[in-house]
Amino acid sequence: MAANAGRRLLQHYVDNFRHLPWRSPPGEAPPDPYRVWLSEVMLQQTTVAAVAPRFERFVSRWPTVGALAQAPEAEVLGEWAGLGYYARARNLIACAREVATRGRFPTDEPGLRTLPGIGEYTAAAIAAIAFGRDTSPVDANVERVIARVHGLPTTERAPIRARFAEMAPPGRCGDFVQAMMDLGATICRPRAPLCAQCPLSEGCAAFASGSPESFPQRKPKQPRPLRFGVAHWIERDAAVWLVRRPAKGLLGGMAALPGDDWSGPDAPANAMTQVTHVFTHFELRLSVVAKAEPEGEGWWHPIADLGGAGLPTLYRKAAGALMAKRASLAAAA
DNA sequence: CATCCGTGGCA
DNA sequence: TTGCCAAGGAT
């Protein structure tokens, strides 16, 4: 019976509870909605290991949604640098300002859903975890666990939600969804699930089938084209010229090295160094080319403090490669 | 509904 | 090494 399986999973979560900075121990008072919201947004398509240290930094810098609402946009984007999917950070700022204007977070799913950066899953998760609502947050973990338990080949949303609602112990939805997340991350993994340790293996259709990893069906992968781009290294008085990328699109709003639009036919011959970086839907070979004078809007940033420039990973890698190249040339001379 | 949007870890 | 995949949202 689904409800029994749900209670078993919740008990497994309680018995194996692992503390995370944004969590409250099961059964205790829910965490600050600000922390729940921030962690949920940070965790979108991002691993716990990557988020944990960044979450602590973020919260110590901006302890409340009001403080975040007053922060300069460039500083928030800089703090987000390296976490990826930068629209999240832009929406985070807009959301914080909206909440600060309203005075507090909406406490139900429809209200949360109206805020920027809060979609179907995140609204349901915040409503459950921060406000004790009985919702059905369906993310990739919930999809996978439920598809396996019930032997569903696909991840259609409606049946998954219905099964989740059957399983979730009433009034414990917040802990239960986190139990699902933990199970999906540590036991019911995409590959090589640890069924011998799983509290749901009894009665699991995928386990009974003998090949649990084949549920649900994988989506076909798309080819990733290779693109060539140029970044300009413009240096003066131990500082390098940085620019702000356009507000929308790839790396939108982030600090960057100036350069072209990455539509070159191949790598230029005069590059000092180059790096390869993999984005979601293409791969970029970025050549770093020396240039004498800056053009347009930008600012000088001390080379000794490049780590504090708030550069996304692509440009952090490019700058790092250049410094390494320079060091090797100096050693040879 | 399909596409766009980052990054790092791991097998 | 290459490919896979993650606590999704906006358009």
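By convention in this document, chain letters (A, B, ...) are assigned in the order of the sequence lines, proteins followed by strands, and residues within each chain are numbered from 1.
Between Glu143(A) and Arg157(A) there is a salt bridge, since a side-chain N of the basic residue sits under 4.0 Å from a carboxylate O of the acidic one. Look at Glu79(A) and Arg57(A) and you find a salt bridge, because one of the NZ, NE, NH1 or NH2 atoms lies within 4.0 Å of a carboxylate O, short of that distance. Taking 4.0 Å as the cut-off between side-chain N and carboxylate O, Arg113(A) and Glu109(A) do not count as a salt-bridged pair.
For the residue pair Arg245(A) and Tyr315(A), a side-chain donor N or O sits within less than 3.5 Å of a side-chain acceptor on the partner. With no hydrogens or angles considered, a side-chain donor-acceptor pair links Thr107(A) and Arg133(A) at under 3.5 Å.
In this structure, the separation between CG on Leu115(A) and CG on Asn91(A) is 10.5 Å, given to the nearest 0.5 Å. To the nearest 0.5 angstrom, Leu9(A) atom CG is 11.0 Å from Asp175(A) atom CG. Rounded to the nearest 0.5 angstrom, Ile129(A) CD1 and Thr135(A) OG1 are separated by 8.5 Å.
Using the six-membered ring where Trp is involved, Trp37(A) and Tyr34(A) have ring planes that are tilted, between 30° and 60° apart.
Remark: side-chain polar atoms of His12(A) are not paired, donor with acceptor, to backbone N or O of Asn16(A) under 3.5 angstrom. Of the possible donor and acceptor atoms, one in the side chain of Asp134(A) sits under 3.5 Å from a partner among the backbone N and O of Gly171(A).
Residue-environment remark: CG (Asp237(A)) stays at or below the threshold of 12 foreign heavy atoms within 6.0 Å. Counting heavy atoms of neighbouring residues, nucleotides and ligands inside a 6.0 Å radius, atom NZ of Lys325(A) does not exceed 12 of them.
Near DNA chain B, meaning a heavy atom under 4.0 Å from it, residues 111-125 of chain A has no residue at all. Within residues 225-233 of chain A, no residue has a heavy atom under 4.0 Å from DNA chain B. Contact check of residues 131-140 of chain A against DNA chain C (heavy atom, cut-off under 4.0 Å) returns Asp139(A), Ala140(A). A heavy atom lying under 4.0 Å from DNA chain B marks none of the residues of residues 13-34 of chain A. Near DNA chain C, meaning a heavy atom under 4.0 Å from it, residues 150-165 of chain A has no residue at all.
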Per-nucleotide protein contact along nucleotides 6-11 of chain B, 5' to 3', at a 4.0 Å heavy-atom cut-off (B base, S sugar-phosphate only, - neither), is BBS---
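Along DNA chain C, the stretch of nucleotides lying under 4.0 Å from any heavy atom of chain A spans, 5' to 3', dC4(C) to dA10(C).
Qualifying side-chain contact (heavy atoms from CB on, under 4.5 Å) partners for Ala267(A), counting only residues two or more places apart in sequence or in other chains: Phe228(A), Gln274(A), Ser287(A). By the ring pair (Phe, Tyr, Trp, His ring centres under 6.0 Å) test, Trp262(A) pairs with Phe279(A), sequence neighbours left out. Legend: residues meeting side-chain contact (heavy atoms from CB on, under 4.5 Å) with Arg97(A), ordered by chain and number and at least two apart, are Ala69(A), Glu73(A), Ile93(A). For Gln11(A), the side-chain contact (heavy atoms from CB on, under 4.5 Å) test picks out Val14(A), Asp15(A), with sequence neighbours left out. Remark: Arg88(A) pairs with Thr46(A) by the side-chain hydrogen bond (donor to acceptor under 3.5 Å, both in side chains) rule, at least two apart or across chains.
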Could you check Tyr13(A) against Phe176(A) for side chain to side chain contact (heavy atoms under 4.5 Å, CB included), going step by step and ending with a plain yes or no? CA-CA 8 Å; Tyr13(A) 176 70; Phe176(A) 185 73; over 6 Å; no
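Remark: aromatic rings of Trp300(A) and Trp241(A) are close, center separation under 6.0 Å.
Going from the P atom of dA7(C) to that of dA2(B) covers 22 Å, rounded to whole Å.
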